[in-house]
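Written below as structure tokens is the structure these notes are about.
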Amino acid sequence: MTQSPISSPSPDYLDRLNPEQREAIETTEGPLLILAGAGTGKTRVLTTRFAHILLNGRARPWQILAVTFTNKAAREMRERVAALLGETIDGLWLGTFHALCARMLRRHAEYVGLTTGFTILDTDDQLRLVRQIMEPYRIDTKRWPPQGLLGVFQRWKDRGLTPAQVTPAEDTDFAAGHARALYAAYQERLRAVNACDFGDLMLHMLEILRTQPDVLAQYHRLFRYILVDEYQDTNTIQYLWLRLLAKRPEGAPNIACVGDDDQSIYSWRGAEVENILRFEKDFPGARVVRLERNYRSTAQILRAASGLIAHNADRLGKTLRPGSDDARGEKVQVISVWDSDEEARIAAGAIERLRAEGHPLSQIAILMRAGFQTRPFEERFLTLGLPYRVVGGLRFYERAEIRDAMAYMRVLVQPADDLAFERIVNVPKRGIGAAGLQKLHHTARGIGAPLAAGVLHALETGALKGKQREALATLMDAFERARALREREGHVVAMEMLLEESGYLQMWRDDRSPEAPGRLDNIKELLRAIGDFGTLEGFLEHVALVTETEDQASSDTVSLMTLHGAKGLEFDTVFLPGWEEGVFPSQRSLDEGGLKSLEEERRLAYVGITRARRRAVILHAARRRIYANWQDSIPSRFIAEIPDDAIEQSGQALQERIQLTARNSVFANGPIRGTTRPFRKLTDVREEIAAPLPVGTRVFHQKFGYGTVLEVEGDRLHINFEKAGEKRIMAHFVEQVS
DNA sequence: TGAGAACGTTTTTTT
DNA sequence: AACGTTCTCA
């Protein structure tokens with residue numbers, strides 16, 4: 001029990017908050033920027049603020065718009081608000097940008113030429129669509145892969161640009177300036193099949209808010225308060241969307257954004273740190289509250305992290321201070337190892353010791369730069385029998401059999417879903433290849449109907465013959481009956497029957513490959529999962545928006561995940577492997593992003609260290625296998641940037657090399673050339689750097705013939721071949737000719 | 001049309 | 001090395 005001040009007794013939920021936190025919660029009116037360093041109680045502030053507004057009667061639950069970045073964060077917030085209020089509340093506008101936009105767009109779909117039942121496409125569908133769009137343009141898909149084009153669209157969408165808003169000047173990256181036209185065609189096609197891709201959820205909603213004043217006014221009336229989490233990771237379109245909703249005609253907006261410029265790690269997804277840096281300009285009169293007291297990590301860990309991030313320029317400036325004076329804790333360990341196998345061995349060994357001392361495995365995480373780095377750890381853990389889980393690895397809903405089954409589901413729900421129909425029309429094999437599909441498309445277009453209707457038409461008119469006719473008749477009949485069954489017996493039974501009668505389940509039963517039984521299990525699991533939802537539509541919506549795997553957080557396992565995936569989490573002990581130049585910071589960031597992307601890598605390192613409550617262990621290996629061959633590596637510059645007295649170095653391998661970081665070595669100005677031979681000395685690497693194929697060199701390639709080097713990108717060369725045009729080639733595939 | 005061979009690329013990070 | 005895509009032939 002706390003003693004209440006005489007003047008204003010403060011409610012329980014404001015107990016044990018520090019003054020800054022209280023200010024962030026109690027400043028309900030007007031724009032507010034909360035700069036919250038790692039581990040400073042950000043989530044607590046956000047949820048308490050939410051509850052505070054409700055408990056003071058300032059708004060009804062549905063009048064608060066609360067935006068998070070991940071579904072996980074949304075769920076956590078929902079739970080904690082419920083705990084504070086002592087009850088669960090439905091109908092909250094709390095979710096990710098995309099989930100909230102999807103909900104809005106279902107209400108207003110007609111303004112952008114969709115109907116409320118529109119489909120949200122997955123990446124497979126998007127790619128198939130892009131390929132179709134590209135076809136008539138006769139674009140060399142070798143040079144201009146569909147994924148690349150999709151990326152261009154994505155970036156435009158991230159910036160809130162509709163096809164009409166893209167200027168010719170913006171359209172230079174791809175296929176000689178055809179991207180704009182392709183973008184328009186792509187959007188047109190999406191509309192025609194009543195579908196949205198992920199970016200459209202935001203793009204369409206922004207368009208509606210911009211062009212429909214009464215819709216905008218409706219939301220202005222509705223949302224009295226806006227809360228935004230992870231503001232540093234908002235991209236342009238999210239920013240525009242927020243600003244539109246926040247700037248009501250009456251008075252200053254009650255918008256509170258929480259963020260940390262030091263944890264901005266999503267610029268590759270279009271995030272603009274500038275959004276947070278500019279907040280006070282965007283919302284004049286904004287209060288700024290800094291949360292700097294860290295209650296998570298030991299003083300040593302904070303010192304290491306702060307020292308590292310201090311190497312970044314352009315910061316709003318925050319200093320993490322330990323929440324309590326005691327417990328300086330262990331220094332950050334830096335261990336030098338020989339290769340990635342030893343790295344895994346050492347980490348696993350340390351984990352076994354911790355386990356023997358009674359540390360729960362659930363409080364241990366291994367955080368890496370990229371997903372593929374989990375391999376050696378998984379192997380090691382398997383041989384030792386250490387329980388682990390890969391968080392955010394291959395996701396359930398990305399498996400082929402699940403996507404197939406869901407495509408069946410989509411056609412069931414919406415017969416006009418051409419993309420889903422295309423996916424399953426020949427799975428299992430029904431004798432419909434590329435040519436057959438073309439014919440079906442033609443028939444459908446002829447009667448101005450979707451594919452499925454086209455098939456029915458073709459069956460009636462007798463345009464289909466033999467095996468094709470029989471197989472498609474069976475398929476269409478299965479859909480027909482499944483729809484009827486859905487009415488009578490519910491969607492689970494209908495789906496079961498559909499997958500059975502269409503031959504899909506039998507296809508896997510007949511499959512003799514070792515994965516087949518697992519796939520059948522997965523489908524069983526899918527059928528179970530849809531039982532948790534009232535309707536198939538609800539289930540599809542959930543799957544489209546919630547990409548994460550159900551976490552079995554209850555089990556006591558070590559977590560393996562990417563640094564990006566670890567944001568917002570904390571563990572007692574954190575292992576940070578692969579701190580080597582070219583791995584972390586990644587080669588790509590060194591090659592193309594310049595200083596900006598190097599700083600982002602540094603923020604990622606900062607995020608990594610600050611995940612640890614008590615113990616952080618950084619590892620780096622002397623050599624690592626890249627693709628098929630070994631490559632020498634040197635310690636990450638980030639290791640040298642951590643204050644010496646905050647770290648403790650160990651490991652027999654290459655003790656002396658620790659000082660030799662990129663910052664003060666011969667490699668400072670360029671990437672390291674790949675090596676194919678193991679056990680290479682540094683001097684050898686130096687020689688290779690000294691003798692590359694410089695720009696202008698005439699070279700010969702086995703397949704492409706003669707050409708000239710246009711550009712050197714690490715161990716890749718950008719070459720203009722006389723016959724084959726411009727290509728990017730690994731340097732060792734070409735030889736110099738004089 | 002489909003199976004197998006040959007070829008090329010891959011490793012950022014996610015809603 | 002491992003995977004996915006395209007190519008080639010039956």
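Here is how names work: the chains are called A, B, and so on, in the same order as the sequence lines, proteins then strands, and each is numbered from 1.
- At the phosphate of dT12(B), OP1 or OP2 sits under 4.0 Å from a side-chain N or O atom of Arg588(A).
- When distances are taken from the side chain of Arg369(A) to each of dT13(B), dG2(B), dT15(B), the shortest belongs to dT13(B).
- Taking a cutoff of 4.0 Å between a charged side-chain nitrogen and a carboxylate oxygen, Arg403(A) and Asp124(A) qualify as a salt bridge.
- Between Asp261(A) and Arg603(A), no side-chain nitrogen of the basic residue sits less than 4.0 Å from a carboxylate oxygen of the acidic one, so the salt-bridge criterion is not met.
- The aromatic ring centres of Phe69(A) and Phe97(A) sit less than 6.0 Å apart.
- For Gln468(A), the side-chain atoms get nearest to dT1(B) when compared with the rest of dT14(B), dT11(B), dT1(B).
- Ring-to-base geometry places Trp268(A) in a stacked arrangement with dT13(B) (centre distance under 5.5 Å, plane angle under 30°).
- For CD of Glu470(A), the number of neighbouring non-hydrogen atoms (other residues, nucleotides, ligands) closer than 6.0 Å is 12 at most.
- Across dT13(B), dT15(B), dT1(B), the shortest atom-to-atom separation from the side chain of His98(A) is found for dT15(B).
- The interatomic distance linking Lys465(A) (NZ) with dT1(B) (P) rounds to 15 Å, in whole Å.
- If you measure from atom NZ of Lys72(A) to atom P of dT15(B), you get 9 Å, rounded to the nearest angstrom.
- Rounded to an integer number of Å, the gap from Arg75(A) CZ to dT15(B) C1' is 14 Å.
- Between Leu367(A) atom CG and dT12(B) atom P the separation is 19 Å, expressed in whole Å.
- The distance from atom CG of Leu127(A) to atom C1' of dG4(C) is 12 Å, rounded to the nearest whole Å.
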Assess whether ring-ring contact (aromatic ring centres under 6.0 Å, His included) is satisfied between His564(A) and Tyr266(A), documenting all intermediate values.
CA-CA 8 Å; His564(A) 285 89; Tyr266(A) 283 105; 5.2 Å; yes
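- Mapped onto DNA chain B by nearest heavy atom, Lys467(A) and His564(A) fall at different nucleotides, with Lys467(A) at the one closer to the 5' end.
- Between Thr562(A) and dT14(B) there is a side-chain N or O to OP1 or OP2 distance below 4.0 Å.
- Here Gly199(A) lies out of heavy-atom contact (under 4.0 Å) with every strand.
- Of the candidate nucleotides dG2(B), dT15(B), dT13(B), dT15(B) has the atom nearest to the side chain of Phe198(A).
- Residue Lys429(A) has its side chain nearest to dG2(B) when only dT15(B), dG2(B), dT13(B) are considered.
- For the pair Asn426(A) and Gly565(A), both in contact range of DNA chain B, the more 5′-proximal nearest nucleotide belongs to Asn426(A).
- Nucleic acid contact for Ala435(A): sugar-phosphate only, since backbone atoms but no base atoms lie under 4.0 Å from a heavy atom of the residue.
- Asp511(A) has its CG atom 12 Å from the P atom of dA3(B), to the nearest Å.
- At a threshold of 4.0 angstrom between heavy atoms, the contacts of Phe69(A) are confined to the sugar-phosphate backbone, with no base atom among them.
- Legend: residues meeting side chain to side chain donor-acceptor pair (under 3.5 Å) with His441(A), ordered by chain and number and at least two apart, are Glu422(A).
- Going from atom CZ of Phe377(A) over to atom C1' of dT11(B) covers 16 Å, rounded to whole Å.
- With both ends at atom P, the span from dG4(C) to dT13(B) equals 16 Å, rounded to whole Å.
- Ile432(A) places its CD1 atom 8 Å from the P atom of dT1(B), with the value rounded to the nearest Å.
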